[in-house]
Amino acid sequence: MLAMQNYNFSGIIASFPLSNHTTMVQEPEVEAVSHNATRPPSNPAAAGITMTLGILFNVVALIILAKAYNRFRRRSKATFLLFASSLVATDLAGHVIPGALVLRRYSAGIGSNTDPAPSFRGDAVGDPDPSCLFLGGCMVFFGLCPLFMGCAMAAERCLGVTRPLLHTRLVTTARTKIALALIWLLALSVALLPFFRLGAYTYQHPGTWCFIRVMEGTKATDLAFVMLFSGLALSSLASAFVCNTISGITLVRARLKKKSSSQRCSARSHDTEMVVQLVGIMVTSCICWSPLLVFGLMSATRSYSGSLSSDRDTYRSLMVTGVRMATCNQILDPWVYILLRRAILRKIYRITKRRASFKGSTFRSLRWDLSSFQNSEKNSANKI
């Protein structure tokens, strides 16, 4: 998903004739001019740069994961890498497909200063076109898939750390592929619900992206769809948090006991690396996705109850902020695998330890010089 740019209200000004017939015409003009004066012009180039960086980072992460998958033959590590590769590939597709549709909207002049009469009018549009329906479905599908995969990876590692024998017997490459297929199928089923009259997709402010109808004309089915989407996503994040916490506590206890053999220590090292990466994925997903999930649920609830009219502009801005942060998740996820690898962590540890030892040796040397100086002064005083 591509980061959405700031919207310019010049198109709304053009939709109202400049005349003095009634005050009903003049008030929207003044309001539109005030919005236009406070909002900076949109910049489609920024969206293109964001999309390019996301593609580059995801491709680099895929290459690293593919090399690691060919190098490691341990079943638990191979299963984790298969999950991770699928997650990065899904992020890449979720960055390219919706991003291309958003850039297509920009190329048509929608959401920019040059758009004389955009098709977006607030949040209330008639029937969204097929591209909007497809973009809204992509937003839901590519939003749920990474969260479901992060939850599945955390559960798999929790089982591998706490019950290694049971993990060896149950978790296989074939079953992992089946689990991935079920995850994609579940996310697709949720994304297709509006085509069966449960909820609806519509254009969102500033008219360059589509999502569940949460701002104008929200119905009971829309509210149910938003609650389902946000509930599944937040439940996945909460489950991942629980599993990662259990895995982390188990690894810390094993490290403190120090009763493992050298081979088992190597296995624990791999487990620690994978859990650290899972924690990075979980933290990134929580920070990036929680705003859109919460803001969407709040907007739909208030719109359905009829209490949104006074704060509509505020919730529009919150939704735009939420989708921008959700876009960052697909850019930051690859860096989890790029930076939180065991080789990189070992280098960081060595550099930190070297600096700490250097500071310690410098302090000891300074203290020795000071004590030597004090002893020499005492000897000189005794001689006198």
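Just so you know, these numbers use all the heavy atoms, side chains as well, and skip hydrogens, waters and symmetry mates. Here the structure is a predicted model, which is why all the values come from computation and not from measurement.
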Would you indicate whether Cys328 and Cys288 have their SG atoms under 2.5 Å apart? no

Indicate whether any N or O donor in one side chain lies under 3.5 Å from an N or O acceptor in the other, for Asp222 and Tyr201. no

What's the separation between atom CD in Gln277 and atom CG in Asn244, rounded to the nearest 0.5 Å? 11.5 Å

Nearest heavy-atom contact between Cys151 and Ser239 is SG-CB, 3.5 Å

Partners of Cys286 by side chain to side chain contact (heavy atoms under 4.5 Å, CB included), sequence neighbours excluded? Leu237, Met282, Ser290

Run the numbers on Arg316 and Gln204 for side-chain contact (heavy atoms from CB on, under 4.5 Å), then give the verdict. CA-CA 8 Å; Arg316 285 175 179 171; Gln204 303 289 329; over 6 Å; no

From CA spacing to verdict: side-chain contact (heavy atoms from CB on, under 4.5 Å), Met215, Arg312: CA-CA 7 Å; Met215 298 294 294; Arg312 182 172 286 109; 3.8 Å; yes

Please report the C-alpha distance between Leu318 and Met298 in whole Å, then the side-chain angles of each, then the deciding distance to 0.1 Å, and finally whether the side-chain contact (heavy atoms from CB on, under 4.5 Å) criterion is met. CA-CA 10 Å; Leu318 290 176; Met298 292 171 58; 5.6 Å; no

Do Asp91 and His95 have side-chain heavy atoms sitting under 4.5 Å apart? no

Could you tell me whether a side-chain N or O of Arg175 sits under 3.5 Å from a main-chain N or O of Leu170, the two making a donor and an acceptor? yes

Which pair of heavy atoms, one from Pro146 and one from Phe142, lies closest together, and at what distance? CD-O, 3.0 Å

Taken in chain and number order and not counting sequence neighbours, the residues that satisfy ring-ring contact (aromatic ring centres under 6.0 Å, His included) with Phe148 are none

Which donor-acceptor pairs under 3.5 Å do the side chains of residues 225-232 make with protein atoms, sequence neighbours left out?
from   : atom 1 : to     : atom 2 : distance (Å)
Ser230 : OG     : Val226 : O      : 3.1
Ser230 : OG     : Leu293 : O      : 3.3

A side-chain contact here means heavy atoms from C-beta on lying under 4.5 Å apart; do Val214 and Tyr315 qualify? no

Do Val60 and Phe57 have side chains that approach each other closer than 4.5 Å (heavy atoms only, starting at C-beta)? no

Any side-chain heavy-atom pair of Trp184 and Ser86 under 4.5 Å: yes

